[in-house]
Amino acid sequence: MDEDARLRVTLLGAFQASRGGAAVPVPGARSQGLLVRLALAGGRAVEQGVLVDAIWAENPPAGPAHALQALVSRLRRTLGSAGDVTQVAGGYRLDVDAADVDALRFEQLAAAGRDRLRADDPNAAAAMLGEAVALWDDRPGAEPAVVAAVAPAAATRLAHASVEAVADLADAELSLGRAEAAAARLTVLLAEHPVHERAAALLMDALAAQGRRSVGKRRACGRACRAR
C-alpha cells in the first residue's frame, strides 16, 4: 500500500486516526473503541467475543454479532475504505502494522533499546529509547485513556513499560557521559514515581558524576590560578 494511503493511529497522546498526514475524525465512543482495540492487535485478527467485551463491557447488546457487524460497517464508512477493516474467520482485523500504531512502535523501540543497552551499545540504545520516550510527549507513566477504556491490561503494561524506558534511557545517557540530562530526566520521573528504586539509584549515580566533574573543574582552575 502507498505509504501516504496508510491508516495511522495515535494512542499514547491525544487519540487520532490519520491518513497521509490528515486527521480522519472518528466520532462515537464505540467506533473509537473498536478502532483502538483493533489497532492494538497490529494487523492481527481479533475475535468477535473479545471485541464485544471490549466495546460493550458489562452491557452487551441482545444480538452481539449483528451489533458488531453494524459497528464495523460504520467504522469502514468513517475511515473511507472498506479494506481498512476486514472480516476474517471468527473476527476482524485492521490493516495496520506496528509502525502505524504509536503504542506498538513504542514497545518495539523500547525492547530494542533495552537489548542494545544490555549488549553494551549505549549509543544505539539512547537513539532507540529516546525515540520511544518521545512518543509519550511529557506523559510517560500515565495509562493511555483510550487504551484503558477497551484494554485495561494493555494500558497498564504500556504505562509500566514507559517508566522503564525512561530509566533505560537515563542509564544509556549516563554511559555516554550525559549525567546532566540523565539527572533531569530521572528527577521528573521520580516526582511521579518516588518508589522506583532503580531510577533513584541511577539519579544518585548521575548526581555523583556531575559532582566529580564539578570538583575536577575547581581543581583545574585552582592549578591554573596558582600558575598565574
Side-chain angles (χ1 to χ4, degrees), residues 1-112 131-132 135-137 139 142-162 165:
M1 179 183 290
D2 183 351
E3 284 300 307
D4 287 340
R6 291 199 67 82
L7 180 70
R8 303 186 188 279
V9 185
T10 299
L11 304 177
L12 299 181
F15 167 72
Q16 184 182 71
S18 64
R19 197 189 306 274
V24 179
V26 182
R30 286 177 180 163
S31 291
Q32 290 181 7
L34 175 60
L35 179 58
V36 170
R37 188 61 189 83
L38 289 171
L40 286 169
R44 299 186 305 277
V46 184
E47 294 180 359
Q48 289 188 21
V50 172
L51 292 172
V52 170
D53 289 344
I55 296 161
W56 283 278
E58 304 297 326
N59 300 296
H66 177 74
L68 180 58
Q69 187 177 39
L71 188 62
V72 167
S73 295
R74 189 185 313 162
L75 181 60
R76 285 171 174 161
R77 290 193 298 271
T78 296
L79 297 178
S81 172
D84 285 329
V85 183
T86 55
Q87 187 169 12
V88 295
Y92 295 89
R93 67 176 293 275
L94 184 69
D95 185 21
V96 294
D97 58 32
D100 302 320
V101 183
D102 64 345
L104 304 183
R105 176 68 175 155
F106 160 75
E107 289 187 308
Q108 284 189 339
L109 287 166
E131 186 177 347
L135 290 171
W136 288 79
D137 294 326
R139 302 179 61 255
E143 292 189 4
V146 293
V147 177
V150 295
T156 299
R157 183 186 73 242
L158 285 164
H160 174 75
S162 70

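FYI, side chains are in, hydrogens and waters are out, and symmetry mates aren't considered; it's all heavy atoms of this structure.
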Output all residues satisfying side-chain contact (heavy atoms from CB on, under 4.5 Å) with [X], sequence neighbours left out; order by chain, then residue number.
{"X": "D97", "result": "R6, A99, D100"}
{"X": "T156", "result": "E143"}
{"X": "E107", "result": "L104, R157, L158"}

Could you tell me which residues satisfy ring-ring contact (aromatic ring centres under 6.0 Å, His included) with Y92, sequence neighbours excluded, listed by chain and number?
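Partners of Y92 by the ring-ring contact (aromatic ring centres under 6.0 Å, His included) criterion come out as none, since no residue qualifies.
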Taking atom OG of S81 and atom CZ of R19, what is their separation to the nearest 0.5 Å?
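Taking OG in S81 and CZ in R19, the distance rounds to 6.0 Å.
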Hey, could you give me the CG/CG distance between L11 and D102, rounded to the nearest 0.5 Å?
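Answer for the CG-CG pair, L11 versus D102, is 5.0 Å.
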Using every non-hydrogen atom in the two residues, find where [X] and [Y] come nearest and quote the distance to one decimal.
{"X": "F106", "Y": "A132", "answer": "CD1-O, 3.4 Å"}
{"X": "P152", "Y": "A148", "answer": "CG-O, 3.5 Å"}
{"X": "D95", "Y": "G83", "answer": "CB-O, 3.8 Å"}

Using atom types as modelled and distance alone, determine if a side-chain donor or acceptor of R105 lies under 3.5 Å from a backbone N or O of A98.
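Between the backbone of A98 and the side chain of R105 there is no qualifying donor-acceptor contact (under 3.5 Å).
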Table please: side-chain donor-acceptor pairs of residues 56-73 below 3.5 Å, with sequence neighbours left out.
from, atom 1, to, atom 2, distance (Å)
S73, OG, Q69, O, 3.1

Report the C-alpha distance between Q87 and R93 in whole Å, list the side-chain angles of each, state the deciding distance to 0.1 Å, and finish with yes or no for side-chain contact (heavy atoms from CB on, under 4.5 Å).
CA-CA 7 Å; Q87 187 169 12; R93 67 176 293 275; over 6 Å; no
Any side-chain heavy-atom pair from P144 and F15 closer than 4.5 angstrom?
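Of all side-chain heavy-atom pairs linking F15 with P144, none is under 4.5 Å.
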Option from V24, V96, L75, L79 for which side chain to side chain contact (heavy atoms under 4.5 Å, CB included) with D84 holds:
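The option that passes is L79.
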With a 3.5 Å cut-off and sequence neighbours excluded, list the donor-acceptor pairs that the side chains of residues 25-47 form with protein atoms.
from, atom 1, to, atom 2, distance (Å)
Q32, NE2, V26, O, 2.8
R44, NH1, A41, O, 3.1
R44, NH2, A41, O, 3.4

